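Okay, structure first, notes after.
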Amino acid sequence: MKKIEAIIKPFKLDEVKDALHEIGLQGITVTEAKGFGRQRGHTELYRGAEYVVDFLPKVKIEIVLEDRLVERAIEAIIQAARTGRIGDGKIFVSNVEDVIRIRTGERGPDAI
């Protein structure tokens, strides 16, 4: 099993969610996040004063899935989240040793 964490632009969330649903993934966790990468934030003007916005709004999506679905999920996220501009985000993939469904006690892929 793998865990995919994707940091994307907030306005792309619905497109990514729909793309993941189309390949058969049902459960995702979404967290509002703030951060920056190479873009290093930007400056804005407010009431005549210029200030730096260091942390930009992002959305973090987390998915735990079986190994056989990982590449399809990654491709779906890339296609749905890409704008071609800086700040499109990142995808992180890591191993998951075990999953336990609290309600039933199911373990492994059955608990996903």
Side-chain angles (χ1 to χ4, degrees):
M1 292 176 291
K2 301 282 189 208
K3 179 178 182 181
I4 295 176
E5 296 176 79
I7 311 295
I8 63 169
K9 292 182 176 186
F11 67 89
K12 287 293 196 171
L13 177 59
D14 285 336
E15 291 175 50
V16 171
K17 181 186 70 155
D18 292 343
L20 291 170
H21 185 71
E22 282 180 25
I23 65 167
L25 293 175
Q26 297 179 5
I28 67 171
T29 299
V30 177
T31 308
E32 290 183 20
K34 292 185 180 207
F36 65 88
R38 289 185 186 156
Q39 68 211 82
R40 299 271 185 212
H42 62 278
T43 57
E44 289 189 4
L45 200 59
Y46 180 73
R47 294 190 179 189
E50 194 174 277
Y51 66 99
V52 176
V53 178
D54 289 333
F55 296 101
L56 301 172
K58 301 289 181 181
V59 172
K60 179 180 181 180
I61 298 170
E62 297 175 86
I63 312 159
V64 176
L65 64 167
E66 294 181 55
D67 292 344
R68 63 184 174 82
L69 294 173
V70 171
E71 286 305 317
R72 288 176 53 202
I74 290 170
E75 194 57 38
I77 294 168
I78 290 171
Q79 293 301 318
R82 178 182 286 152
T83 66
R85 294 191 303 270
I86 194 165
D88 276 350
K90 297 267 191 311
I91 299 173
F92 305 96
V93 181
S94 55
N95 290 316
V96 173
E97 287 188 34
D98 202 2
V99 176
I100 299 104
R101 185 185 308 267
I102 294 172
R103 180 177 55 86
T104 63
E106 292 173 292
R107 296 184 85 113
D110 292 335
I112 298 176

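Computed from a predicted structure; not experimentally measured. Below, all heavy atoms of this structure are taken into account, side chains as well, without hydrogens, waters or symmetry copies.
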*With a 4.5 Å heavy-atom cut-off, do Arg107 and Asp98 have their side chains touching?*
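Side chain of Arg107 against side chain of Asp98, heavy atoms only: contact under 4.5 Å found.
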
*Measure the shortest side-chain to side-chain distance between Pro109 and Met1 over non-hydrogen atoms and say whether it is less than 4.5 angstrom.*
yes

*asked:* Could you walk me through whether Ile28 and Glu62 satisfy the side chain to side chain contact (heavy atoms under 4.5 Å, CB included) test, starting with their C-alpha distance in whole Å, then the side-chain angles of each, then the deciding distance to 0.1 Å, before giving a yes or no?
replied: CA-CA 6 Å; Ile28 67 171; Glu62 297 175 86; over 6 Å; no

Heavy-atom pair with the smallest gap, counting every atom of [X] and [Y]:
| X | Y | value |
| --- | --- | --- |
| Ile4 | Ala73 | CD1-CB, 3.8 Å |
| Arg101 | Thr104 | CD-OG1, 3.3 Å |
| Ile63 | Gly27 | CG2-O, 4.0 Å |
| Gly87 | Lys58 | O-NZ, 2.9 Å |
| Leu25 | Leu69 | CD2-CD1, 3.9 Å |
| Ala80 | Ala19 | CB-CB, 4.0 Å |

*asked:* What verdict does the side chain to side chain contact (heavy atoms under 4.5 Å, CB included) test give for Leu56 and Lys34, after you've listed the backbone C-alpha separation in whole Å, the side-chain angles of each residue and the deciding distance to 0.1 Å?
replied: CA-CA 5 Å; Leu56 301 172; Lys34 292 185 180 207; over 6 Å; no

*Just by distance, do the side chain of Asp88 and the backbone of Arg82 share a donor-acceptor pair under 3.5 Å?*
no

Count I, L, V, M, F, W, Y as connected when their side-chain heavy atoms are under 4.5 Å apart, and connections chain through other members. Are [X] and [Y] then in the same cluster?
| X | Y | result |
| --- | --- | --- |
| Phe11 | Ile8 | no |
| Val30 | Leu20 | yes |
| Val16 | Ile78 | yes |
| Val59 | Ile74 | yes |

Out of curiosity, [X] [atom1] to [Y] [atom2], how far, rounded to the nearest 0.5 Å?
| X | Y | atom1 | atom2 | answer |
| --- | --- | --- | --- | --- |
| Lys3 | Leu65 | NZ | CG | 12.0 Å |
| Glu106 | Arg103 | CD | CZ | 7.0 Å |
| Asp18 | His21 | CG | NE2 | 8.0 Å |
| Lys17 | Ile77 | NZ | CD1 | 14.5 Å |

*Would you call Glu75 and Arg72 a salt bridge, taking side-chain N to carboxylate O under 4.0 Å as the test?*
no

*Walk me through it: do Asp67 and Lys2 pass the test side chain to side chain contact (heavy atoms under 4.5 Å, CB included)?*
CA-CA 6 Å; Asp67 292 344; Lys2 301 282 189 208; 3.2 Å; yes

*Scan Thr31, Ile7, Leu13, Thr29 and name whichever one has a side chain to side chain contact (heavy atoms under 4.5 Å, CB included) with Ile61.*
Leu13

